[in-house]
Amino acid sequence: MMEYFPGVEKVAYTDDPMREGLFFRHYSPDRIVGGKKMKDHLRFSMAYWHTISSGIGDMFGAGTAIRSWDSVSDPMALAEARAYGAFEFLDKIGMDYFCFHDRDIAPEGDTLAESNKNLDKIVKLIKKLMNDSGKKLLWGTASLFTNPRYVHGAATSPNAEVFAYAAGQVKKAMEITHELGGDGYVFWGGREGYETLLNTDMKREQDNLARFLHMAVDYAKEIGFTGQFLIEPKPKEPTKHQYDFDVASGIAFLKTYGLDEHFKFNVEANHATLAGHTFQHDLRVARINGLLGSVDANQGDMLLGWDTDQFPTNLYDTTLAMYEILKMGGFTKGGLNFDAKVRRASFMPEDLFYAHAAGMDAFAQGLVAADAIIRDNFLDDILEKRYSSYETGIGKEITEGRADFKSLEAYILNREEIENESGRQEYIESMLNEYIWRAK
Ligand code: XLS
Ligand code: NI
Ligand code: NI
């Protein structure tokens with residue numbers, strides 16, 4: 001059998017973090033943390049589009065990636081080679097899940113019918129590879145942004161023909177996700193947004209997006225798909241303004257259109273930061289609303305204002321992300337999908353392995369640190385103390401809904417001074433450092 005990553009062994013854990021070479025230095029899949037195996041906490045997933053189908057080009061230059069399947073020119077043969085390569089990659093990196101767009105796995109034909117035929121062929125192969133390996137599909141999705149027909153959007157296109165095409169395409173993408181036992185189905189609003197309000201009927205576009213999502217909910221019921229539907233917010237790029245700007249605006253949209261019981265969020269780190277939030281912020285907003293479903297694990301660059309999709313290596317972010325995930329009780333149908341690409345200059349096949357291992361280690365260490373923070377009640381104790389005034393006296397009356405403006409005025413009218421306590425941010429940050437440094 002053809003080997004697509006020759007010379008790369010299965011990545012193993014080493015307890016000597018300074019050992020040279022390709023190893024996990026913190027990720028040890030079967031290690032128990034907080035009563036659960038690391039791999040079951042983290043549910044790592046490979047993004048087919050970045051790791052397998054991309055040539056890692058950028059806006060200014062062609063792809064540089066060197067891959068074993070480069071010499072295959074027939075599009076279907078190439079899709080097959082990539083599928084084999086994908087499963088070899090998953091096996092060697094030791095990851096249980098993957099995610100894809102329909103067009104990542106099979107080439108688009110001249111008609112939707114032809115594209116679907118191509119998909120059927122590759123899905124059959126992928127299903128076999130999944131059965132042989134035990135690898136699983138975290139979520140599927142449809143690319144409603146690459147083809148020029150989606151120039152004005154898909155479900156928000158001013159052109160009803162395009163809406164119909166998108167519906168047909170998503171119908172098929174849901175069917176194959178269901179066929180492959182996917183745990184979820186993602187809606188990232190590719191070009192669902194606008195460039196200028198001068199030519200945009202915002203109300204109609206949002207109404208149409210909601211109609212589209214309701215149709216998806218109905219069709220899932222019809223085919224018995226019970227995976228989690230996920231909205232992936234992003235504030236901009238490719239459009240100047242995306243409708244699913246961030247989790248908070250996503251919640252408003254879902255509630256406005258009666259969709260909130262059918263969807264959760266797939267929170268992507270780099271999208272949160274593009275929206276002017278921290279990664280933790282969007283995870284928190286989703287979590288406290290009971291809507292945190294899954295995570296696209298990557299990171300942006302402080303100096304670059306676009307979705308650079310870098311592999312996540314920042315331990316503060318991974319620790320605080322794992323904190324939110326543990327606080328929600330862990331993933332059920334979600335996971336950590338590396339929606340991340342190697343830099344254009346990291347063009348060797350091995351770079352893919354080093355990149356994923358770096359992200360997996362960063363999240364493993366973040367998990368250990370977050371688990372310790374939770375076990376010690378470190379942040380919970382701080383919150384308990386900080387908000388304790390709401391547990392007794394007048395605060396309790398406010399909390400329990402027994403106070404009103406008149407009773408509060410009567411209570412406070414003759415009070416001379418109120419004492420506040422320090423927020424102790426710097427102390428807390430220094431302790432967070434300790435938790436990260438000590439995470440072993
Ligand atoms: C793009 C998005 C995309 C989604 C899936 O910015 O992150 O890759 O995750 O369509
Ligand atoms: Ni993403
Ligand atoms: Ni992204």
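Whatever order the structure lists them in is the order used to number ligands and atoms, beginning at 1. The analysis underlying the following values was restricted to heavy atoms, covering all of them including side chains, and did not include hydrogens, waters or symmetry mates.
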> Does Lys234 come within less than 4.0 Å of Asp307, counting only side-chain N to carboxylate O?
Replying inline: yes
> Which protein atoms of type N, O or S are found under 2.8 Å from the Ni ion (ligand 3)?
Replying inline: Glu268 OE2, His271 NE2, Asp307 OD2
> Listed by chain and number, what are the salt bridge (charged side-chain N to carboxylate O under 4.0 Å, His left out) partners of Lys172, not counting sequence neighbours?
Replying inline: Asp120
> Do other residues, nucleotides or ligands put more than 12 heavy atoms under 6.0 Å from the CD atom of Glu161?
Replying inline: no
> Name the residues with a heavy atom less than 4.0 Å from ligand 1?
Replying inline: Trp49, His101, Trp139, Trp188, Glu232, Lys234, Glu268, His271, Asp296, Asp307, Asp339
> Taking 4.0 angstrom as the limit, do Asp91 and Lys10 come out as a salt bridge?
Replying inline: yes
>> I need the single residue from Phe23, Phe24, Phe311, Phe89 that forms a ring pair (Phe, Tyr, Trp, His ring centres under 6.0 Å) with Phe353. Which is it?
In response: Phe89
>> Using the ring-ring contact (aromatic ring centres under 6.0 Å, His included) criterion, which residues pair with Phe44? Sequence neighbours excluded.
In response: Tyr27, Phe338
> For the side chain to side chain contact (heavy atoms under 4.5 Å, CB included) test, which of Thr141, Leu138, Leu137 pairs with Phe100?
Replying inline: Leu137
> Under 4.0 Å between a Lys/Arg side-chain N and an Asp/Glu carboxylate O for Arg149 and Glu108?
Replying inline: yes
>> Which residue is it: Asp282, Val295, Asp296? I am looking for the one with a side chain to side chain contact (heavy atoms under 4.5 Å, CB included) to Glu268.
In response: Asp296
